[in-house]
Amino acid sequence: MPRYLSYIIAAAVAMVACSRERLPVLEDDGTIRFSVSAVNVSSSKAVSDIPDDYTYLFSDGNQIGVYGSWTSGGATTDVFSHIPVICTDNGDGTYYWAYTPLKYWRRGGYYDFSAVYPYNVNSQYGSSGNRLVITYSMHADNYDLMVASAERDLDSVDDTSPVEFTFRHATAAVRFLFCTDSDVNTYKLTSFQLQYLHAVGILVYNAGTIGLSAWNPAEFRSPSVCEWEAPSLAARMDITTSYDDFGDDYAAKEWSKWLFVLPQNLNDDDGNHPAVQFAVNVNDDTTPVYTTLPLPETYDDDSEDILWKPGYMYTYYIRIQPSTAIITVDVAPWDSYYVAVDDIDF
């Protein structure tokens, strides 16, 4: 081998060894990374036992789906197309996130990013990386749909720090609590369903906050959705004189305590007002007694519409009396402010 070639090879090996010893930290290696956080739940006194978005999002093995595009010179190129980014629990109260294969920043241009949780939702690209089209069905789905978006203008600033995703709730959270005024009769809940709701809808997410206008419900209203029926007499749910006692054993039941529902207008626009129907057994009588109650008014601050809004929680209180039943509702914001942030590691 010629001596000059040996020198070149030796120099190349030395350069590789040096580069291995002096690898830049992740913040400087050009890798596109993400910071993941979630909006905090409300601390309103009107709501207790709040659905915990931190638990839903930050849990070992959970995956978010990430989209991203890069625009430069009038041309847009896909960078991420629903890639899974996986959460791992470190076991010490912290988490890290990872994806593969790694992607790297390009010089200049404009990046749009968006993310969805859970990963396996029915989501598609819109016109760019920060526009998603997501289908949600209350017949088949009952999960905390969350979305996030971010952008990065590398024409204006040389910023390759982690992209910050702050997830927001795209659905509304609804629950129904029962109690009774009677100290003579005993009541057991044996079935439950919601009626005349738009059960299927499409969310067109264009980055930023999520308003009711982002949802496009199907025109048809379902006569029944979110049904639950006790599979046996032993599985009926006791109705006591305190709302706090209702549903202590939800985990063993088929009916979830919190329902994640399609945001929508609940006005009576077709003669069938959205309602809750339930059946109870009174004392030792095993013949169910059915009651249907229209969902009460939850007027928006800026309109006279009755709404389920994304990022809000609605607790319906149903009080059973010997000759009637009364339903009331408390409303509280679910989306509030940021919680802890965990960077993606590799």
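Quantities reported herein were computed from a predicted structural model and do not represent experimental measurements.
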What verdict does the side-chain hydrogen bond (donor to acceptor under 3.5 Å, both in side chains) test give for Thr292 and Gln277, after you've listed the backbone C-alpha separation in whole Å, the side-chain angles of each residue and the deciding distance to 0.1 Å? CA-CA 4 Å; Thr292 301; Gln277 182 187 86; 3.2 Å; yes
Side chain proximity check, [X] to [Y], heavy atoms < 4.5 angstrom:
{"X": "Ile320", "Y": "Val280", "value": "yes"}
{"X": "Leu212", "Y": "Pro310", "value": "yes"}
{"X": "Glu164", "Y": "Ser37", "value": "no"}
{"X": "Val174", "Y": "Tyr316", "value": "yes"}
{"X": "Leu295", "Y": "Pro274", "value": "yes"}
{"X": "Leu262", "Y": "Leu197", "value": "no"}
{"X": "Tyr205", "Y": "Val133", "value": "no"}
{"X": "Arg152", "Y": "Asp159", "value": "yes"}

Would Val163 and Leu102 show up in the same hydrophobic cluster when neighbours are defined by side-chain heavy atoms closer than 4.5 Å?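 Hydrophobic grouping puts Val163 with Leu102.
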Should Ile134 and Val147 be marked as a side-chain contact (heavy atoms from CB on, under 4.5 Å) after you check the CA-CA gap, both sets of side-chain angles, and the distance that decides it? CA-CA 10 Å; Ile134 304 170; Val147 291; 3.7 Å; yes
Give the ring-plane orientation class for Tyr314 versus Tyr312, where under 30° counts as parallel, over 60° as perpendicular and anything between as tilted.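 It falls in the tilted class, 30° to 60°.
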Quick one: sort the Phe260 and Trp334 rings into parallel, tilted or perpendicular, breaks at 30° and 60°.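 Parallel, since the angle between the ring planes stays under 30°.
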What's the verdict on ring pair (Phe, Tyr, Trp, His ring centres under 6.0 Å) for Tyr317 and Tyr243, showing C-alpha distance, side-chain angles and the deciding distance? CA-CA 8 Å; Tyr317 297 95; Tyr243 291 116; 4.8 Å; yes
Using ring pair (Phe, Tyr, Trp, His ring centres under 6.0 Å), reason through Tyr117 and Tyr119 one step at a time and then give a plain yes or no. CA-CA 5 Å; Tyr117 173 79; Tyr119 169 75; over 10 Å; no
Show, in sequence, the C-alpha distance, side-chain angles and deciding distance for Ile64 and Val116, and conclude whether the side-chain contact (heavy atoms from CB on, under 4.5 Å) test is met. CA-CA 6 Å; Ile64 60 173; Val116 62; over 6 Å; no
Can the ring centroids of Phe192 and Phe278 be said to lie less than 6.0 angstrom from one another?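 Ring centres of Phe278 and Phe192 not closer than 6.0 Å.
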Please check if any side-chain donor atom of Thr190 sits under 3.5 Å from a side-chain acceptor atom of Arg236, or the reverse.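 No, Arg236 and Thr190 have no side-chain donor paired with an acceptor closer than 3.5 Å.
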Taking atom CD1 of Ile210 and atom NE2 of His169, what is their separation to the nearest 0.5 Å?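 Rounded to the nearest 0.5 Å, the CD1-NE2 separation comes to 9.5 Å.
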Go through it in stages, so that I can follow the logic: the residues are Val85 and Ile83, the test is side-chain contact (heavy atoms from CB on, under 4.5 Å), and I'd like the CA-CA distance, side-chain angles, deciding distance and then a yes or no. CA-CA 6 Å; Val85 179; Ile83 67 161; 4.2 Å; yes
Checking Asn283 side chain against Thr186 main chain: does a donor-acceptor pair fall under 3.5 Å?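 Yes, because the side chain of Asn283 sits within donor-acceptor range (under 3.5 Å) of the backbone of Thr186.
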Determine yes or no for a side-chain-to-main-chain donor-acceptor pair under 3.5 angstrom, with His82 supplying the side chain and Gly65 the backbone.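 No.
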Show your reasoning for whether side-chain hydrogen bond (donor to acceptor under 3.5 Å, both in side chains) applies to Gln193 and Ser224. CA-CA 6 Å; Gln193 64 177 254; Ser224 179; 3.1 Å; yes
Testing Trp97, Phe80, Tyr67 one by one against Phe34 for a ring pair (Phe, Tyr, Trp, His ring centres under 6.0 Å), which residue passes?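 Only one option passes, and that is Phe80.
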side-chain hydrogen bond (donor to acceptor under 3.5 Å, both in side chains) between Asn267 and Asn265, intermediate numbers included: CA-CA 6 Å; Asn267 286 351; Asn265 190 311; 3.3 Å; yes
Give the C-alpha distance, both sets of side-chain angles, the deciding distance and a yes or no for side-chain hydrogen bond (donor to acceptor under 3.5 Å, both in side chains) between Ser69 and Thr76. CA-CA 7 Å; Ser69 64; Thr76 298; 5.7 Å; no
